[in-house]
Chemist: 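Pasting a structure below so you can have a look.
Along the sequence shown, the residues carry numbers beginning at 1.
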Amino acid sequence: MASKVRLYVDHALGQGQSVPLSREQAHYLFGVMRLAEGAVLSLINGRDGAWDADVVKAGKKGGILECSAQTGPLQMPPDVWLLFAPIRKERTAFIVEKAVEMGVSRVCPVQTDFTQSANRVRQDKLQTHAIEAAEQCGGTFVPPVDDLAKLDRLLAAWPEDRQLMFCDEVLIGDRVGLPLVEGPWAILIGPEGGFSPAERDRLRGLPFAHPVSLGPRILRADTAAVAALTVWQQALGDWT
Ligand code: SAM
């Protein structure tokens with residue numbers, strides 16, 4: 001049996017809840033996915049878990065769904081943020097998509113000294129990528145994607161109890177791993193040009209920042225984001 005179509009809606013979900021569809025959602029469900037009245041699909045809204053819903057009304061410009069049964073609870077990822085310096089558009093989209101699949105609680109694009117692509121960051125587009133990734137991977141939570149923020153401002157207001165996995169390319173080849181400290185975390189990935197000496201000095205002086213090596217080769221920023229999330233999830237996250 002083909003797997004059910006999954007759709008994110010910005011609407012409350014609950015037993016018997018009626019969910020109106022926008023024109024775009026109707027086009028996707030009835031035009032692209034060819035669903036008809038009576039079909040069953042799976043809904044998420046990032047808050048109420050996963051719900052089966054029946055197509056009650058299917059039109060070109062809209063439609064109505066009705067929730068029939070909850071199929072899964074809201075499953076929160078571990079409390080880990082991904083901070084990364086935006087790179088080229090499609091690679092930035094890749095990082096957001098992979099972060100959602102791997103499991104993060106927040107996505108924070110940061111402007112570092114050597115960030116090249118700051119002007120091209122569109123928060124709304126990145127949030128849409130996060131929603132699509134959650135739909136695709138069966139997630140019930142959609143991490144918020146922040147507006148671009150300057151790294152030094154974020155660090156100035158950093159919550160004291162949150163550890164920071166500082167992926168530092170100068171440690172290439174060294175065996176500097178992740179300290180196994182429980183609690184909230186964040187992961188920091190630099191841009192193509194890496195971190196500036198001033199940023200590195202600052203980060204190395206922060207008690208919550210832990211410089212970590214991702215092996216003996218220089219990884220591209222998008223690869224580094226996936227590798228760092230893998231290391232973190234395996235050691236401290238919800239993979240074990
Ligand atoms: N331009 C830098 C250089 O040549 O040394 C490389 C920057 S790398 C493309 C982008 C980011 O990925 C780095 O700032 C770092 O956060 C992360 N990264 C890549 N490889 C890494 C490694 N082996 N260890 C730790 N971090 C790494």
Chemist: List the steps, then state whether side chain to side chain contact (heavy atoms under 4.5 Å, CB included) holds for F30 with K60.
Modeler: CA-CA 8 Å; F30 313 134; K60 280 208 163 85; over 6 Å; no
Chemist: For residues V145 and L188: do they belong to one hydrophobic cluster (side chain heavy atoms under 4.5 Å, members Ile, Leu, Val, Met, Phe, Trp, Tyr)?
Modeler: no
Chemist: Please check this pair: side chain of D168 against backbone of L171, looking for a donor-acceptor N/O pair closer than 3.5 Å.
Modeler: no
Chemist: Assigning hydrophobic clusters by single linkage (Ile, Leu, Val, Met, Phe, Trp, Tyr; side-chain heavy-atom cutoff under 4.5 Å), is V100 placed with V226?
Modeler: no
Chemist: Transitively linked via ILVMFWY side-chain contacts under 4.5 Å: F84 with L155?
Modeler: no
Chemist: Has the side chain of T112 got a donor or acceptor atom that lies under 3.5 Å from a matching backbone atom of A85?
Modeler: no
Chemist: Work out which heavy atom in P77 is nearest to a heavy atom in F141; give both atom names and the distance.
Modeler: CD-CD2, 3.4 Å
Chemist: Within the 4.5 Å heavy-atom criterion, are V107 and L126 side-chain neighbours or not?
Modeler: no
Chemist: Any side-chain heavy atom of P179 sitting closer than 4.5 Å to one from H210?
Modeler: yes
Chemist: Does one side chain, of D79 or S105, offer a donor that lies under 3.5 Å from an acceptor on the other?
Modeler: yes
Chemist: Do W232 and W81 have ring centres separated by under 6.0 Å?
Modeler: no
Chemist: Donor-acceptor check, side chain of E199 to backbone of S196, threshold 3.5 angstrom: yes or no?
Modeler: yes
Chemist: Do I44 and L7 make a side-chain contact, defined as non-hydrogen atoms from C-beta onward lying under 4.5 Å apart?
Modeler: no
Chemist: Does the side chain of Y8 reach to within under 4.5 Å of the side chain of V142, using non-hydrogen atoms?
Modeler: yes
Chemist: Hey, does the side chain of Q233 reach the backbone of D238 with a donor-acceptor pair shorter than 3.5 angstrom?
Modeler: yes
Chemist: Could you go through E37 and K57, starting from their C-alpha distance and side-chain angles, then the distance that decides it, and tell me whether this counts as side chain to side chain contact (heavy atoms under 4.5 Å, CB included)?
Modeler: CA-CA 6 Å; E37 287 175 12; K57 204 166 155 196; 4.3 Å; yes
Chemist: Without swapping roles, check the side chain of E66 against the backbone of G16 for a donor-acceptor pair under 3.5 Å.
Modeler: no
Chemist: Check whether any side-chain N or O of Q15 sits under 3.5 Å from a backbone N or O of S68 as a donor-acceptor pair, and report yes or no.
Modeler: yes
Chemist: What are the two closest heavy atoms between W51 and A69, and how far apart are they?
Modeler: CE3-C, 3.3 Å
Chemist: Is a side-chain donor or acceptor of Q111 paired with a backbone partner of L148 at a separation under 3.5 angstrom?
Modeler: no
Chemist: Taking only Lys NZ, Arg NE, NH1 and NH2, and the carboxylate oxygens of Asp or Glu, determine whether D222 and K98 approach each other closer than 4.0 Å.
Modeler: no
Chemist: Rounded to the nearest 0.5 Å, what's the gap from CZ on R23 to CG on L21? Could you check?
Modeler: 13.0 Å
Chemist: If two hydrophobic side chains count as joined below 4.5 Å and joins carry through other members, does I172 share a cluster with L214?
Modeler: no
Chemist: Tell me the closest heavy-atom pair linking W158 and L83, and the distance in Å.
Modeler: CZ3-CD2, 3.9 Å
Chemist: Which heavy atom of V212 sits nearest to which heavy atom of G177, and what is that distance?
Modeler: CG2-O, 3.7 Å
Chemist: Using the side chain to side chain contact (heavy atoms under 4.5 Å, CB included) rule, take K4 and V40 through it: C-alpha gap first, then chi angles, then the decisive distance, then the call.
Modeler: CA-CA 7 Å; K4 263 179 267 167; V40 178; 4.0 Å; yes
Chemist: Does T140 reach the side chain of R47, with side-chain heavy atoms less than 4.5 Å apart?
Modeler: no
Chemist: Please find the pair of heavy atoms, one from R204 and one from P211, that lie closest to each other, and give the distance.
Modeler: NH2-CB, 4.0 Å
Chemist: Under the side chain to side chain contact (heavy atoms under 4.5 Å, CB included) rule, what do V181 and F208 come out as? Steps first, then yes or no, please.
Modeler: CA-CA 10 Å; V181 181; F208 53 80; over 6 Å; no
Chemist: Taking all non-hydrogen atoms of both residues, which atom of A235 and which atom of L180 are closest, and how far apart?
Modeler: CB-CD2, 3.8 Å
Chemist: Are V5 and L29 packed together at the side-chain level, in the sense that at least one heavy-atom pair is separated by less than 4.5 angstrom?
Modeler: yes
Chemist: CG/L203 to CG/L164 distance, rounded to the nearest 0.5 angstrom?
Modeler: 6.5 Å
Chemist: Say you draw a straight line from CG of D54 to OG of S18; how long is it, rounded to the nearest 0.5 Å?
Modeler: 11.0 Å
Chemist: Measure the spacing between CD of Q127 and CG of D146 and express it to the nearest 0.5 Å.
Modeler: 9.0 Å
Chemist: Is it true that R202 and D152 make a salt bridge, defined as a side-chain N closer than 4.0 Å to a carboxylate O?
Modeler: no
Chemist: Has E90 got more than 12 heavy atoms of other residues, nucleotides or ligands less than 6.0 Å from its CD?
Modeler: yes
Chemist: Using a 6.0 Å cut-off, check whether atom CD of Q75 has over 12 heavy atoms from anything other than its own residue.
Modeler: no
Chemist: So do the side chains of I87 and I95 get within less than 4.5 Å of each other, counting heavy atoms only?
Modeler: yes
Chemist: I'd like to know if the side chain of R6 reaches the main chain of L43, judged simply by a donor and an acceptor atom lying under 3.5 Å from each other, with no hydrogens or angles considered.
Modeler: no
Chemist: Is it true that, when you exclude H11 itself, more than 12 heavy atoms of the residues, nucleotides or ligands shown sit nearer than 6.0 Å to its NE2?
Modeler: yes
Chemist: Between R162 and P184, is there a donor-acceptor pair closer than 3.5 Å when you use the side chain of the first and the backbone of the second?
Modeler: no
Chemist: Kindly compute the distance separating OG (S22) from OH (Y28), expressed to the nearest 0.5 Å.
Modeler: 12.5 Å
Chemist: Are any of the side-chain nitrogens in E169 or R200 under 4.0 Å away from the carboxylate oxygens of its partner?
Modeler: yes
Chemist: Measuring from atom OG1 of T92 to atom NE2 of H129, what distance do you get when rounded to the nearest 0.5 angstrom?
Modeler: 9.0 Å
Chemist: Taking the side chain as every heavy atom from C-beta outward, state whether I64 and V19 have any pair of such atoms under 4.5 Å apart.
Modeler: no
Chemist: If hydrophobic clusters are built by linking Ile, Leu, Val, Met, Phe, Trp and Tyr wherever their side-chain heavy atoms come under 4.5 Å apart, do L41 and V56 end up in the same one?
Modeler: no
Chemist: If only atom types and distance count, is the side chain of D52 paired as donor or acceptor with the main-chain N or O of S42 below 3.5 Å?
Modeler: no
